[in-house]
Amino acid sequence: MITVNYFGNIAEAAQSDSETLEYNTLSLAELLDLLDSKYAIGKFPFQVAVNRKIVSKQQILSLSDSDEIALLPPFAGG
Amino acid sequence: MITVNYFGNIAEAAQSDSETLEYNTLSLAELLDLLDSKYAIGKFPFQVAVNRKIVSKQQILSLSDSDEIALLPPFAGG
Amino acid sequence: MKKVFIEGAISSEFIADSIAKHQSKHSIGAHNIFLGQVRADQVEDQKVVAIEYTAYEEMANEKLHEIRESAFEKFDLTCLHIYHSLGTVKVGEICIFVFVSSKRRKQVYEATEYLVNQVKEHVPIFGKEILDNAEHQWKVNS
Amino acid sequence: MKKVFIEGAISSEFIADSIAKHQSKHSIGAHNIFLGQVRADQVEDQKVVAIEYTAYEEMANEKLHEIRESAFEKFDLTCLHIYHSLGTVKVGEICIFVFVSSKRRKQVYEATEYLVNQVKEHVPIFGKEILDNAEHQWKVNS
């Protein structure tokens, strides 16, 4: 099971702060495709963090249930 | 009569914040010579303000009793 | 890990307390403080009345730690503090407080500017601007 | 003419009040504050315990007025305040408080730095550093 955390307008689109997907492993590209088909997240600007580090959306990365994944809209601190 | 205001270590040397000299007019050069002979102010770094504006000590300037004269050691605000 | 996030607006009393706490540090000669205040920006025919802040706190705390370390490397500082609001901050209230102290004044302005910019660019904080018709839009830092 | 000189140290409560007063100005997005704190500098085998400030107030107020005007010309500011102590300020206490506010943050750091430097260079304020053996020396800005 893979848990994804949502923030800002992406949490709004997903109507949730966090979601658990029924996969044991999944590539980053597959995850983003899946979420785009569910929530049309492709229309938002966002970055992906894996284990609290920003990764490129194009990176070839295999995700598993120990990974902490987050979709981050543009930062607005300050 | 010409009034001179002293500040900082010059006030300390003159043992006074202000002094009235028995002259009706006096050149700036004469004033500085007079004060150096009284208080040895020549050994201190200082600027002269006439009517609240800094003037060069070399400026040829005739002072009269309507002028506000001040001897200002280095500034130390802040 | 130093505490950064504060629930709601940052009060002027909190700022005063932080300043007072530094009066026992007799090597400090200069403080610089940046405060961000929520502005009543015009959005079409509406106005911003508040911002609701959320953060990805675990990642934010890691990033803030890195930012602190880098500031101590770049600048000659005695101490530095960063505070940011979570939750609702109304127009006119303070949402970020950056506080830099040093022996001498020379570097404090630049250090504060660096810290504020780093927080804005690299710390995952999100802001929902609430408009006076109760609609909202998502803030994006410029 | 705005009041600049304050008898004795500038308290953290005074600073908090100044900040709180700006919360009704909803066009302000950024504040920058500089505070100068009296340092326990070593002077041979003695330490500074306080500074006694005096000023040529009439000229200082004229200069401060010019400095304010020039800052408003150079920078895009909503408001600015300058306060300086007269009389005794002990080590750890605050002797200068410069407070700049603007719609956006970009220029506030530089504006504060400009103001502090202008005050140090051009305003006739004098400081007698009191040492712990009760002797003194006259402060000179570097």
Side-chain angles (χ1 to χ4, degrees), chain C residues 9-42 47-49 78 89-117 120 141-142, chain D residues 9-42 47-49 78 89-117 120 141-142:
Chain C
I10 298 168
S11 71
S12 54
E13 292 80 12
F14 181 87
I15 297 162
D17 273 3
S18 299
I19 294 167
K21 278 184 191 144
H22 287 76
Q23 307 214 327
S24 59
K25 297 197 181 177
H26 293 174
S27 65
I28 292 174
H31 303 288
N32 193 261
I33 290 173
F34 177 86
L35 303 173
Q37 184 166 303
V38 174
R39 233 183 8 240
D41 275 348
Q42 195 78 30
K47 266 191 180 166
V48 171
V49 295
T78 310
V89 183
K90 286 183 281 201
V91 151
E93 293 183 329
I94 287 162
C95 57
I96 182 171
F97 168 28
V98 173
F99 188 1
V100 162
S101 306
S102 179
K103 199 161 155 41
R104 294 174 181 282
R105 75 186 188 284
K106 196 167 176 300
Q107 296 196 313
V108 293
Y109 317 97
E110 196 188 337
T112 306
E113 181 169 18
Y114 170 81
L115 286 165
V116 173
N117 288 347
K120 291 197 173 242
N141 279 343
S142 53
Chain D
I10 298 168
S11 71
S12 54
E13 293 79 12
F14 181 86
I15 298 163
D17 272 2
S18 300
I19 294 168
K21 278 184 191 143
H22 288 75
Q23 306 215 326
S24 58
K25 297 197 180 177
H26 292 174
S27 64
I28 293 174
H31 303 289
N32 193 263
I33 291 172
F34 178 85
L35 303 172
Q37 185 167 303
V38 175
R39 233 181 9 239
D41 275 349
Q42 195 78 30
K47 265 190 180 166
V48 171
V49 295
T78 310
V89 183
K90 286 184 282 202
V91 150
E93 293 183 329
I94 287 163
C95 58
I96 182 172
F97 169 28
V98 173
F99 187 0
V100 161
S101 307
S102 179
K103 200 161 153 46
R104 297 176 179 280
R105 76 186 188 284
K106 195 166 175 302
Q107 296 197 313
V108 294
Y109 316 98
E110 197 188 337
T112 306
E113 181 170 18
Y114 170 81
L115 286 166
V116 173
N117 289 346
K120 290 197 174 243
N141 279 344
S142 54

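Reminder, nothing fancy here: chain letters follow the sequence lines and each chain counts from 1.
- Among D/Asp41, D/Val98, D/Asn117, the residue making the largest number of heavy-atom pairs under 4.5 Å with chain C is D/Asn117.
- A side-chain hydrogen bond (donor to acceptor under 3.5 Å, both in side chains) check over residues 14-27 of chain D, counting only residues at least two apart or in different chains, returns the pairs D/His22-D/His81.
- More than 12 heavy atoms of other residues, nucleotides or ligands shown are found within 6.0 angstrom of NZ on C/Lys120.
- Contacts of C/Val108 with chain D are made by side-chain atoms alone, with heavy-atom separations under 4.5 Å and no backbone atom involved.
- Contact annotation: the side chain of C/Thr112 never approaches that of D/Thr112 to less than 4.5 Å [non-hydrogen atoms, C-beta and beyond].
- By the 6.0 Å contact criterion, CD on C/Gln107 is enclosed, its count of non-hydrogen atoms from other residues, nucleotides or ligands being greater than 12.
- Applying the side-chain hydrogen bond (donor to acceptor under 3.5 Å, both in side chains) rule to D/Ser102 yields no partners; only residues at least two apart in sequence or on another chain are considered.
- The nearest pair of heavy atoms linking C/Ala16 to D/Ala16 is CB-CB, 3.6 Å.
- Contacts with chain C (heavy atom to heavy atom, under 4.5 Å) involve these residues of residues 31-39 of chain D, listed by number: D/His31, D/Asn32, D/Ile33, D/Phe34, D/Leu35, D/Gly36, D/Gln37, D/Val38, D/Arg39.
- The stretch residues 92-107 of chain C participates, sequence neighbours left out, in no salt bridge (charged side-chain N to carboxylate O under 4.0 Å, His left out) pair at all.
- Using a 4.5 Å cut-off between heavy atoms, C/Ile28 contacts chain D through both its backbone and its side chain.
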